[in-house]
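See structure below.
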Amino acid sequence: MSKALVSTEEKRSLGKLVLPALFVSRFAIEPPGILTGLLLIDIGATFGCSVGVMGQVRTVSYVVAVVSALLMGILSVRFKHRSLLMMGLLFVSISALACFFAWNFNVMLLSYSMSGLGMAMVAPMTFTLVADYFPLERRAAVIGWLIAGSALAYLVGSPVIGLIEGLGGWRLAFLGFVLPVSMVSLLLTAQGLPSISSSEQPTMSKRSYLEGFKGVFSSRSADACLIGTALSMAAWQAILLFSSSFQRQRFQASTGLASVILLISAVIYILGSLSGGRIARRVGMKPLTVSTAFLASIFIISYTSPPSLWLSVAISFLGCLFSGMLSTAFSSLTLEQVPRFRGTMMSVSSAASNMGSAFGTGIGGLALLLFSYEGMAISLGVMGLAGTVVFHLLAIDPTRTEARVLNAS
C-alpha cells in the first residue's frame, strides 16, 4: 500500500475528538477580545485610564497578532502544526492569568498582548490542521464548523462574561471564563489531535525558513486570495463594528434591543458559515467565494439606506448570512493554494485578515466622521466589491482540473 493511500486511510479513521478539538480552539481565542470590548470602561477605571487610552491594549494586541502571524509563516515549516497550536493556546491561558494579576496599565498592556500572540498561532494552525487531518472532500465543511466556533464564542461569551463581571468584576471574568476555556481547549487538543508523522509533515532544511514565503508570494492566485481576504474583512467591519451604533443613533433602538439583534446576527453568521461548507462542496470554492463576496458587499452597502429599523435589520441579517458563507469559502480556497506550505499560507492569510479588519475599522470610522453612516457603508462595501473582482479575475481553485491545466501551462 502506498504512502499516499495510507495517509488517506489515516485521515478517514480519525478519532471523534479531532473536530471538537479544533472547534473549541477557535472558540478559545475569541473571549479576550469579547471581554475587552464589553468591559473596557471598567478595566480603564481600575487603572485610572480613559477608554481611549485603555483601548490601546487592543491596538497593541492586533499589532502583535499581525507580526506574529508573519513569524508563524516561518515557524510552520520547521515545527509541527499541532505543537504550534498547543503553544498558542498556552499563550492565551498565560495571558488570561497575567491580566487577572495585572497591577498597572503597562503590565496589563504586556499581559493582554500575549493573547494576540496566541491568536496568531492558533488561528492559522487550526485551518492548516484541517488539511493535515481531513481529506479534500471534507475540508470545506470542517472549516465551516471552525468559523462557526469563532462566532459561537460571541453568542455564548457575551452574556457569560457579563454575568461573571457582575459577580466579581473584570478580573474574575478573565479568571473564570477566559482561562478555563483556553485550558480546556489545550487539554482537548493534547488528547484529541493525533501527532502528525514526519511523512505527513516533512521537516524542512534550514534553507527553507523563507521558502514558504517565496512559495506563497510567487503564486498569483495565492496573492489574490490574500488581497481578497483583506478587502472582504475590511468590508465586514461595516456590520460587525458599526451596525449596533447605527441602529441606536438612527432609529433610537435601545441598548437591549441592539444586543438582541447582535446575538441573532451571530446565529445567522454561524448558519452561513456551516451552510457555506456544504454549498462549496457542490458548486466549488471559487464560485461560492465570488458570489458570496458580491452579495455580502451589496447588502453591506444597502443596510443603512432603508427608512425603517426592521427593514435595515433584515438587510444586515442577509449581510451576516452571506458573510458567514464567504468566510468559509475564501478560507477553504486559500487553504488549497500552496499545498506544500499550507502553514505559511494560512499564517500570512491570518495577517491579511487582521490587517484588513484594522484597515476597515480605520476607513469606516473616517468615512463616518466625514460623511454619514451611508458613506461608511458605501466606502467599505466598495472595498468588498473590489475583493470580489480580485477573487474572480485572479484566484483559481487548484483542486479543479482546469486549474491544474492552467498551472501546468
Side-chain angles (χ1 to χ4, degrees), residues 140 143-145 147-148 150-152 154-155 158 228-229 231-251 253 257-280 282-333 353 356-357 360-361 364 367-368 372-389 391-392:
I143 286 176
W145 277 103
I147 293 172
S150 294
L152 183 65
Y154 284 84
L155 188 63
S158 297
T229 294
L231 291 171
S232 297
M233 291 305 297
W236 170 232
Q237 303 310 305
I239 292 179
L240 180 65
L241 184 62
F242 295 108
S243 62
S244 294
S245 297
F246 169 73
Q247 293 154 9
R248 293 177 62 187
Q249 291 188 335
R250 181 65 57 85
F251 300 109
L257 178 58
S259 299
V260 171
I261 293 172
L262 189 61
L263 290 177
I264 297 174
S265 298
V267 173
I268 293 174
Y269 186 92
I270 291 171
L271 294 176
S273 66
L274 294 176
S275 62
R278 295 179 177 273
I279 297 172
R282 297 179 180 180
V283 306
M285 293 179 288
K286 179 179 175 179
L288 183 63
T289 299
V290 173
S291 59
T292 54
F294 175 76
L295 290 171
S297 300
I298 294 301
F299 290 121
I300 285 170
I301 289 173
S302 57
Y303 91 90
T304 59
S305 300
S308 69
L309 170 63
W310 296 114
L311 182 56
S312 172
V313 168
I315 294 174
S316 70
F317 283 167
L318 289 172
C320 292
L321 177 68
F322 287 109
S323 293
M325 291 183 182
L326 174 59
S327 293
T328 297
F330 71 58
S331 297
S332 302
L333 183 63
S353 177
S357 297
T361 300
L368 186 58
S372 61
Y373 278 104
E374 286 80 3
M376 175 276 299
I378 292 172
S379 298
L380 297 184
V382 167
M383 294 178 71
L385 291 175
T388 304
V389 173
F391 281 127
H392 177 65

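Values below: every heavy atom of this structure, side chains too, minus hydrogens, waters and symmetry copies. This is a predicted model, so every value here is computed, not measured.
Contact of the Phe299 side chain with the Ser316 side chain is not registered, since no non-hydrogen atoms from C-beta on lie closer than 4.5 Å. Val389 is not listed as a side-chain neighbour of Leu385, based on a closest heavy-atom distance of 4.5 Å or more. Ile279 places none of its side-chain heavy atoms less than 4.5 Å from the side chain of Thr292. In this structure, the side chains of Ser232 and Leu326 come closer than 4.5 Å at one or more pairs of heavy atoms. The shortest side-chain heavy-atom distance between Ser273 and Ser327 does not fall under the 4.5 Å cut-off.
Residue Leu368 holds its CG atom at 10.0 Å from OG of Ser379, rounded to the nearest 0.5 Å. Here the straight-line distance linking atom CE of Met325 with atom CG of Leu271 works out to 9.0 Å at 0.5 Å rounding. Between the OG atom in Ser357 and the CG atom in Leu240 there is a gap of 8.0 Å [rounded to 0.5 Å]. Here CG of Leu231 is found 11.0 Å from CG of Leu380. Values are rounded to the nearest 0.5 Å. Rounded to the nearest 0.5 Å, atoms CD1 (Ile315) and CD1 (Ile239) are 10.0 Å apart. Atom CG of residue Leu318 and atom CD1 of residue Ile268 lie 8.0 Å apart, to the nearest 0.5 angstrom.
Counting non-hydrogen atoms of neighbouring residues, nucleotides and ligands closer than 6.0 angstrom, the CZ atom of Phe294 reaches no more than 12 such neighbours.
Of the possible donor and acceptor atoms, one in the side chain of Tyr303 sits under 3.5 Å from a partner among the backbone N and O of Ala238. The closest donor-acceptor contact from the side chain of Ser291 to the backbone of Leu288 lies under 3.5 Å. Between the Ser158 side chain and the Leu155 main chain, no donor and acceptor come within less than 3.5 Å of each other.
In terms of heavy-atom proximity, Met285 sits nearest to Ala329 at O-CB, 4.2 Å. Closest approach of Thr328 and Gly277 over heavy atoms only: CG2-N, 3.5 Å. The minimum heavy-atom distance between Ala234 and Met383, with the atom names listed, is CB-CE, 3.5 Å. Pairing each heavy atom of Ser353 with each of Met233, the nearest pair is OG-CG, 3.4 Å. Between Ala253 and Leu309 the shortest heavy-atom distance is CB-CD2, 4.4 Å. Taking each heavy atom of Gly272 and Ser275 in turn, the nearest pair found is O-OG, 3.1 Å.
Among Arg250, Gln247, Gln249, the one residue that satisfies the side chain to side chain donor-acceptor pair (under 3.5 Å) test with Tyr373 is Gln249. Considering Trp236, Phe322, Tyr154 as possible partners of Tyr269, the one that fulfils the ring pair (Phe, Tyr, Trp, His ring centres under 6.0 Å) test is Trp236.
Phe246 and Phe251 have perpendicular rings, their planes meeting at more than 60° on a 0 to 90° scale where under 30° would count as parallel.
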